[in-house]
Number of protein chains: 2
Amino acid sequence: MSDVGASNLTERCRLAGLRITGPRKAILKVLEDSSDHPDVEELHRRVKRVHPGINIATVYRTLNVLSEHDLIERHSFDDGRTRYETIPEEHHDHFIDIDTGEVVEFVSEEIEAMQEEIARRHGFEIVSHRLDIFVRRRDP
Amino acid sequence: MSDVGASNLTERCRLAGLRITGPRKAILKVLEDSSDHPDVEELHRRVKRVHPGINIATVYRTLNVLSEHDLIERHSFDDGRTRYETIPEEHHDHFIDIDTGEVVEFVSEEIEAMQEEIARRHGFEIVSHRLDIFVRRRDP
DNA sequence: CTCTAGTTGCGAATGATTTGCAACTGGCAT
DNA sequence: ATGCCAGTTGCAAATCATTCGCAACTAGAG
Ligand SMILES: [Mn+2]
Ligand SMILES: [Mn+2]
Ligand SMILES: [Zn+2]
Ligand SMILES: [Zn+2]
């Protein structure tokens, strides 16, 4: 039970030639189960619940490996620690509520298209980008 | 001689109630004279040329004060160190050439407008944002 | 089952940035 | 001009997130 949706991330790891060890299984599961943007400490905390002995250095190393293989995404949001999320179905950018720290995702085909357009005008080819919009709830 | 263009930044500091000390004069001058996006070490190097005794902790502290008063802008660009630039006449975003590290500025009214639009749709008010586009020169 | 390169735990090392503290010094008030 | 004192500085030590060295494991190919 609970094995619904054969772990895509684990399969992708295998394809990337990564060993599927106990600590990694735990980390992958936590990543898949997370729908927010946790930092390393928080991921470590979550992973310990299923794999108590895990060391935070292992979490760091595994996240680096996963991110080098483009299996997860790394974010900054300017609060000093790096945050992570699984690669989404569809690319999105983020609103960060500066009052609550809440992160809200959004998609804008128009903005994406305009980026391509302006990059082309400058003779550049886009490799990646990040659009972080720091916001505050509208006074109603 | 060379005192052309009475230092706007210094005046803004005075208005903000900051003391204009020797070390600060030097830092402000370097910031005004820089048209790139130097990091703290580089700024420290440049400041030492006009004020040899300055300590890097002072540079850090001053940059923090200036940035808290919105007199300069802080950037990340994902290379581990924080970079700075004076607040520009007109807001702009950045291309970062991942091969050379070169930073190129651009302005897109359209993208700015779309951000406002989408933020409004989500019930947010934009406080600030950052759009960093990591690029590579087009194969000609 | 064996063997080995990949992985892990642990503690020490890094590197950027911050901080405690005593010694200075702008610049407003006499 | 002179004095005063909160803001500032230099220096060294402390933080904080992240990385690394290394010896002990172990996944998984053959
Ligand atoms: Mn996201
Ligand atoms: Mn710029
Ligand atoms: Zn985007
Ligand atoms: Zn912008």
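Letters go in sequence order (proteins before strands), and every chain restarts at 1. Bear in mind the structure is a predicted one, so any value in this text is a computation, not a measurement.
Here the side chains of A/Val104 and A/Val135 are not in contact, with every heavy-atom distance at 4.5 Å or above.
In this model, the phosphate group of D/dT9 is not approached by any side-chain N or O of B/Asn55 to a distance below 4.0 Å at OP1 or OP2. OP1 or OP2 of C/dT17 sits under 4.0 Å from a side-chain N or O of B/Tyr60. Side-chain N/O atoms of A/Thr21 include none lying less than 4.0 angstrom from OP1 or OP2 on C/dT7. A close approach under 4.0 Å does not occur between any side-chain nitrogen or oxygen of B/Thr82 and OP1 or OP2 of C/dA16. OP1 and OP2 of C/dT17 both lie 4.0 Å or more from every side-chain N or O belonging to B/Asn64.
Per the geometry, CG belonging to B/Leu63 stands 15 Å off C1' belonging to D/dT8, to the nearest Å. Distance, A/Arg83 CZ to D/dT18 C1': 16 Å, rounded to whole Å. Counting to the nearest Å, the C1' atom of D/dA17 and the CD atom of A/Glu42 are 16 Å from each other. We find that CD1 of B/Ile20 is positioned 11 Å from P of C/dC28, with the value rounded to whole Å. Atoms CD1 (A/Ile27) and C1' (C/dT8) sit 10 Å apart, rounded to a whole Å. For A/Lys48 and C/dC10, the NZ to P distance is 11 Å, given to the nearest whole Å. In this structure, A/Ile54 places its CD1 atom 14 Å from C1' of D/dC25, rounding to the nearest Å. Distance A/Leu66 CG to C/dT8 C1': 15 Å, rounded to the nearest Å.
Side-chain proximity of A/Arg19 to C/dG26, D/dT26, C/dG20: nearest is D/dT26. Comparing atom distances between the A/Pro23 side chain and each of C/dT18, C/dG26, C/dT8 picks out C/dT8 as nearest.
Salt bridge absent: B/Arg74 and B/Asp39 never bring a charged side-chain N and a carboxylate O closer than 4.0 Å. Using a cut-off of 4.0 Å between Lys/Arg side-chain N and Asp/Glu carboxylate O, A/Glu32 and A/Lys29 are scored as not salt-bridged.
Taking the six-membered ring for Trp and thresholds of 30 and 60 degrees, B/Phe124 and B/His122 have nearly parallel ring planes, at less than 30 degrees apart.
Using a 4.0 Å heavy-atom criterion, one finds that B/Gly22 contacts no nucleic acid atom at all. Across all strands, A/Asp39 comes closer than 4.0 Å to no nucleic acid atom at all (heavy-atom distances).
Screening B/His37, B/Glu85, B/Arg130 for a side-chain hydrogen bond (donor to acceptor under 3.5 Å, both in side chains) with B/His75, the sole residue that qualifies is B/Glu85.
Of the two residues contacting DNA chain D, namely B/His51 and A/Ile56, the nearest-nucleotide position lying further toward the 5' end is that of B/His51. If you find the closest nucleotide of DNA chain C to A/Leu18 and to B/Arg81, the one lying nearer the 5' end belongs to A/Leu18. Residue-to-nucleotide proximity on DNA chain C shows that, of B/Arg61 and A/Val59, the 5′-proximal contact is made by A/Val59.
Evaluation of atom-type donor-acceptor distances gives no pair under 3.5 Å for the side chain of B/Arg24 against the base of D/dG7. Side-chain atoms of B/Arg14 stay outside donor-acceptor range of the base of C/dG26, with no qualifying N/O pair under 3.5 Å.
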When you look at A/Arg121 and A/Glu117, which way does the salt bridge (Lys or Arg N to Asp or Glu O under 4.0 Å) test go after all the steps?
-> CA-CA 6 Å; A/Arg121 282 207 290 265; A/Glu117 164 67 14; 2.6 Å; yes
